[in-house]
Amino acid sequence: MNSKNTDNQAFSNLIISWYRENPRELPWRETSDPYKIWLSEIILQQTRVAQGLPYYYAFVQNYPTIKDLAHASESEVLRLWQGLGYYSRARNLHSCAKYIWDEFEGKFPSTYETLLRLKGVGSYTAAAIASFAFGEVKAVVDGNVFRVLSRYFGIETDIATGKAKKEFEILANRLIPKENPGEFNQAMMDFGARLCVPKNPDCTQCPFQGSCFAKKNGLVSQLPVKINKTKVKDRKLEYAVIKCGEHWVWKKRGSGDIWTGLHDFPLLEQENFPFDTSYKLQPFPKRYRHILSHQKLDAGFSEIIIPSEQHPHLAQWCEEEGYLLVSEKEMEYLAKPKLIVNFLNDHGI
DNA sequence: TTCCAGCGCG
DNA sequence: CGCGCTGGAA
């Protein structure tokens, strides 16, 4: 055995023993059911544990097995996902459940390579499911792993690049032990989430103080290197809140833009907006700001009251233009983006 | 108010 | 490489 392997073993032993002393107790760690592990990993993509936890409980409660999820409707799944963001995760989740139920009799794919073919499952999630549920020796590389390894080994590659992804995957796969790969992966992520945190980590508590490159060289605050070039565009939305008796006009959003599959209202800037002259537009004074990953939204709402006797006419227009006429009772069950939920809350809905 | 953390797709 | 969301911290 050469010294590299000895070092690797020392690293994995140390991080695993840290993990055994400091485990987070999480419900998806109590199971080896690949369905529940997959569900938890999709929820946790781009999402903190504290925020994802209630959604995990809700999904397990509503859909205890992949069969239950496969037999649900997409709109129901989106409604349960409401507020969590990145809604394509929910659409992919549901579509995968149907696919696995229909094509594989509900038997979950069990290898890294086959998991990777599932929509919404990339290299991180495939490695997580393969190692946690099936014991495959495959290292996860997420934001935590980038941080831990870049600091410990002093790697200065910009972690936003594809080059870094390859480099860190190779390194992590050299470190992962064959005996308990899943535990090593959990350990790396917990260590990054709880001790080797992005800002002001408490290095005095760290088992790697003596060997960490960043610690020894005073580079902890500089690593990992991440060049942030996300540019955010400004965008204005002018919503028409069209009410007729107990009914409101809604729009189910299509693909190719934000909030695919969720519901909001007709936009005034729409070409074919019909109620140009005949009805009074009452703008609400309050505007709503909402930040997405690449857009800064500034939304205004104007109310339009349609007399009840116009209901049939309005219903026909909705039919023709692809809008939904929904009663206040039924609105509750539509999946809506946070911005719209905020607006409704302000109006006691 | 701004900044930042957190993967996958086309 | 541009794009998709929200919440919590600075």
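So you know, we letter chains A, B, ... as the sequences are listed, proteins then strands, and number each from 1.
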Validation: residues 284-292 of chain A side-chain donor-acceptor distances under 3.5 Å, sequence neighbours left out:
residue  : atom : partner  : partner atom : Å
A:Lys286 : NZ   : A:Asp346 : OD2          : 2.7
A:Arg287 : NE   : A:Asp298 : OD1          : 3.0
A:Arg287 : NE   : A:Asp298 : OD2          : 3.4
A:Arg287 : NH2  : A:Glu238 : OE2          : 2.9
A:Arg287 : NH2  : A:Asp298 : O            : 3.3
A:Tyr288 : OH   : A:Asp346 : OD2          : 2.7

N/O (side chain, A:Asn92) to phosphate O (OP1/OP2, B:dC9) under 4.0 Å: no

Within residues 49-63 of chain A or reaching into it, pairs that qualify as side-chain hydrogen bond (donor to acceptor under 3.5 Å, both in side chains) - sequence neighbours excluded: A:Tyr63-A:Glu76

Whole-Å gap separating C1' (C:dC5) and CZ (A:Arg89): 8 Å

Any A:Tyr87 side-chain N or O less than 4.0 Å from OP1/OP2 of C:dT6: yes

Sugar-phosphate only, base, or nothing, as touched by A:Arg147 at under 4.0 Å among non-hydrogen atoms: sugar-phosphate

Euclidean distance, atom CG of residue A:Asn342 to atom P of C:dG7 [Å, nearest integer]: 8 Å

Whichever of A:Lys119 and A:Lys296 has its nearest DNA chain B nucleotide further upstream toward 5': A:Lys296

Between B:dC7 (P) and A:Tyr86 (OH): distance, integer Å: 11 Å

Which nucleotide in B:dC7, C:dG4, B:dA5 has an atom nearest any side-chain atom of A:Asp142: B:dC7

Length of the NE2-P vector between A:His294 and C:dT6, whole Å: 15 Å

Comparing A:Lys233 and A:Leu339 on DNA chain C - which has the more 5′ nearest nucleotide: A:Lys233

N/O donor-acceptor pair under 3.5 Å between A:Asn185 side chain and A:Phe132 backbone: no

OP1 or OP2 of B:dG8 under 4.0 Å from side-chain N/O of A:Gln45: yes

Closest-nucleotide ordering on DNA chain C, the 5'-leading residue of A:Gly256 and A:Lys199: A:Gly256

A:Glu41 CD - B:dC7 C1' separation (whole Å): 11 Å

Other residues, nucleotides, ligands: >12 heavy atoms within 6.0 Å of A:Glu328 CD: yes

Pair A:Phe208-A:Tyr152, ring-ring contact (aromatic ring centres under 6.0 Å, His included): steps then yes or no: CA-CA 8 Å; A:Phe208 295 116; A:Tyr152 183 83; 5.2 Å; yes

Phosphate-side-chain proximity, A:His290 and C:dC5, N/O vs OP1/OP2 below 4.0 Å: no

Atom pair distance, as rounded to whole Å: CG in A:Asp298 and P in B:dT1: 11 Å

Touch class at under 4.0 angstrom, heavy-atom based, for A:Arg48 against every strand present: base

Euclidean distance, atom CG of residue A:Asn144 to atom P of B:dC4 [Å, nearest integer]: 17 Å

Contact under 4.0 Å: A:Lys226 side-chain N or O vs B:dA5 OP1/OP2: yes

Touch class at under 4.0 angstrom, heavy-atom based, for A:Leu116 against every strand present: nothing

Phosphate contact (C:dG4 OP1 or OP2) by A:Gln295 side-chain N/O below 4.0 Å: yes

Sugar-phosphate only, base, or nothing, as touched by A:Ile258 at under 4.0 Å among non-hydrogen atoms: sugar-phosphate

5'-most by nearest nucleotide on DNA chain B - A:Gly120 or A:Gln51: A:Gln51

Side-chain (A:Arg151) to main-chain (A:Leu223) donor-acceptor, under 3.5 angstrom: yes

Between C:dG4 (C1') and A:Leu262 (CG): distance, integer Å: 12 Å

